[in-house]
Amino acid sequence: MGQQANLYSFPAVDALATALRTYVIHCQTAGIARHGVFKVAVSGGSLPKTLAQALLSPPASDADVVHWGKWEIFFADERAVPLDHADSNYALLKAELLDKLPGGTAQPAVHPIDVEALDETQELADRYERTLVQSFASRDSVRLPIFDLLLLGCGPDGHTCSLFPGHELLRETDAWVAPIEDSPKPPPRRVTLTLPVVTHAVKVAFVATGGGKKEVMKEIFEEGNGLPCALVNEGCGDRCSWFVDNAAVEGVTYPRRPFSL
Ligand SMILES: O=C(O)[C@H](O)[C@@H](O)[C@H](O)[C@H](O)COP(=O)(O)O
């Protein structure tokens, strides 16, 4: 059991968000102790909204403070669109979270894709990889970047980031960031962190809510079936934690844990 992913289930999103905040702040403290900053990558989908609910509430104590000025925010996946496009994960995070930081707050360093390369997804991925290299030291000195935390969603087909079931990208072993031209979820052209980078993070947290996820949650936790989310569970073991609501895990027999750090 000790090596398996943690599954934390909550009656509703409010309670989930409270626990997620505690978890993120714990990861933040560890990151700042390790290298003076907190390096985090986030997905799109419903995640930014839940994250905002978790992180924008006022601190309950001195230990509960989000040190935004120490955050370096990257994108776990991004669509090849301008940064103000309706499909942009950057635009989504900005609207849901970044634009709502209280006035006077030290700002996080945010690393969007380089829109000069939107027409060529390989170049877009290469440039984003160079952004990571600049932050995480050279590729010669580290085989893989080590994020302090990845905050991910889970699609109804078991995808995460832009790593889709059965896609050849799941076999990528070298690149840190890869292009995808045929995403089954629109829009088709995207860039994504690769599986080795995802499973190399210090901690990985998934957020999945709603009854629409229960079938895929059952498959991920009971069968695996090579689904990208299951591969992350297998690669991370207990470094991976799932924050879900009860509706998302109805009928799932995998043991849930009371939330604790
Ligand atoms: O760019 C994307 O498509 C998202 O990053 C994607 O990977 C998302 O996290 C999942 O599809 C879950 O989405 P929901 O949370 O909306 O179900």
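Order of listing sets the numbers, starting from 1, for every ligand and every atom in it.
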Seminar exercise, completed: Across all chains, not counting sequence neighbours, the side chain to side chain contact (heavy atoms under 4.5 Å, CB included) partners of Thr253 are Glu222
Seminar exercise, completed: Across all chains, not counting sequence neighbours, the side chain to side chain contact (heavy atoms under 4.5 Å, CB included) partners of Pro11 are Ala15, Asn246
Seminar exercise, completed: Residue shell for ligand 1, any heavy atom closer than 4.0 Å, reads Ser43, Gly44, Gly45, Ser46, Asp77, Arg79, Asn89, Gly153, Cys154, Gly155, His159, Cys161, Lys185, Arg190, Lys213
For this session: May I ask you to check if Lys39 and Phe136 form a cation-pi contact, with NZ or CZ under 6.0 angstrom from the six-membered ring centre and within 45° of the axis?
Result: yes
Show the atom names and distances, to 0.1 Å, of all donor-acceptor pairs under 3.5 Å that link a side chain in residues 193-209 to residues at least two apart or in another chain.
| unit_1 | atom_1 | unit_2 | atom_2 | d |
| --- | --- | --- | --- | --- |
| Thr194 | OG1 | Ala175 | O | 2.8 |
| Thr194 | OG1 | Trp176 | O | 3.4 |
| Thr199 | OG1 | Leu195 | O | 3.1 |
| Thr199 | OG1 | Pro196 | O | 3.4 |

Exercise. Are the aromatic rings of Phe75 and Tyr128 close, with centres under 6.0 Å apart?
Worked result: no
For this session: Taking atom NZ of Lys218 as the centre, report whether more than 12 heavy atoms of other residues, nucleotides or ligands fall under 6.0 Å from it.
Result: yes
